[in-house]
Amino acid sequence: MINIHQNGNCLECDKKCSAFKRLLSEELNYINQYRFHITYKKGEVIFKQNTPASNVISISRGVAKTTFEDKFNKNLILSLIKGPSLVVGPGIYVDNIYHFTLTALTEVHACIIDVLAFKKLIRENSDFAEQYISEMSVRAIRNYQRTFCLTHKQMHGRVADALLNLSQNIFNAPEFEMPLTRQELGEYTGLTKESVSRILTKFRDDQLIQMDGNIIEILNMDKMITISENG
DNA sequence: CCATTAATTATCG
DNA sequence: CGATAATTAATGG
């Protein structure tokens, strides 16, 4: 974690997440005083579960994951995030602790923003607050789908969901470079890495996907969606 | 249906 | 080259 910039300011920033677009010029100048821009390398932890939640993170570029970890080695990837996106730990309004770990999957450009400055803007600008609530709501709805996926679907459906989410919500393309290892795909789908591996080669043999090294292309989107829906 | 185990192969640093 | 990741196959809850 090196490479601290002070170049530019929030007013001119064109990588703002949508909530910040609701801020007035003077509010942007205010928040500008309480932020650090930083570049994380692939694999670096941005913040860690069970540590004090003193900041919110505005990711301008890159892909990250949120993981819920127990004391041993059972990890669950809660969500994948693509910038621009504002990552706010729910703990800031509960117990001031981060309840998940945020990790860069690619190079991530982000601003670390003081949580007190963020809360002040929430109180003072209802437009900003509403946009933030709206973003939280989108995540809540996605969480319903994910909970359903992990509790009611079986292997093929879960892997299909993972691929569809990457394709539709993260990369907006049928072809993309897989940012997750097989282990991580397992942690995302609640399967073992061996099962993930086996399903992926079956998908390839069935002409559903093409795999070229780390590049994955969904060849038959309709069938993939059917598999997702049928569990 | 799917995890576990184990053995083998590929890839990374 | 040694370590780590991915694949494949066999077994059993």
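We use all heavy atoms of the structure for the numbers below, so side chains are in, but hydrogens, waters and symmetry mates are not. Quick note on labels: first sequence line is chain A, next is B, and so on, each numbered from 1.
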To the nearest angstrom, how far is A/Leu150 atom CG from B/dA3 atom P? 12 Å
Between A/Glu184 and A/Lys65 (salt bridge meaning N to carboxylate O under 4.0 Å), is one present in this structure? yes
Has A/Arg182 got a side-chain N or O lying under 4.0 Å from the OP1 or OP2 atom of C/dT7? yes
For A/Thr192, answer base if it contacts any base atom (sugar-phosphate contacts may also be present), sugar-phosphate if it contacts only those atoms, and nothing otherwise; contact means non-hydrogen atoms under 4.0 Å. base
Length of the CZ-P vector between A/Arg198 and B/dT4, whole Å: 13 Å
Contact class for A/Gly213 vs. all strands (heavy atom < 4.0 Å): base, sugar-phosphate, or nothing? nothing
Just report the end-to-end axis angle for the helix from B/dC1-C/dG13 to B/dG13-C/dC1, five pairs per end, to 10 degrees. 20°
Parallel, tilted or perpendicular: ring planes of A/Phe100 versus A/Phe47, cut at 30 and 60 degrees: tilted
Do A/Leu121 and A/Met136 sit in the same hydrophobic cluster, where Ile, Leu, Val, Met, Phe, Trp and Tyr count as joined when their side-chain heavy atoms come under 4.5 Å apart? yes
From CG of A/Asp205 over to P of C/dT7, roughly how many Å is that when rounded to an integer? 12 Å
Residues from residues 154-162 of chain A lying under 4.0 Å of DNA chain B - heavy atoms: A/Gln154, A/Met155
A/Lys193 NZ - B/dT5 C1' separation (whole Å): 10 Å
Ionic contact status for A/Glu69 with A/Lys48, cut-off 4.0 Å: yes
Using residues 223-231 of chain A as the side-chain source, report each donor-acceptor pair under 3.5 Å to any protein atom, sequence neighbours left out, with the distance given to one decimal.
residue: A/Thr226; atom: OG1; partner: A/Asp222; partner atom: O; Å: 2.9
residue: A/Ser228; atom: OG; partner: A/Lys153; partner atom: NZ; Å: 3.4
residue: A/Ser228; atom: OG; partner: A/Asp161; partner atom: OD1; Å: 2.3

How long is the line joining CD of A/Glu194 and C1' of C/dA6, in whole Å? 9 Å
Ignoring backbone atoms, establish whether A/Thr201 has a side-chain N or O less than 4.0 Å from OP1 or OP2 of C/dT7. no
In whole angstroms, the gap separating P of B/dC1 from CD1 of A/Ile227 amounts to 13 Å
Counting only side-chain nitrogens and oxygens, does A/Ser195 get under 4.0 Å of the OP1 or OP2 atom of B/dC2? no
Expressed in angstrom and rounded to an integer, what is the separation of A/Ile199 atom CD1 from C/dT7 atom P? 12 Å
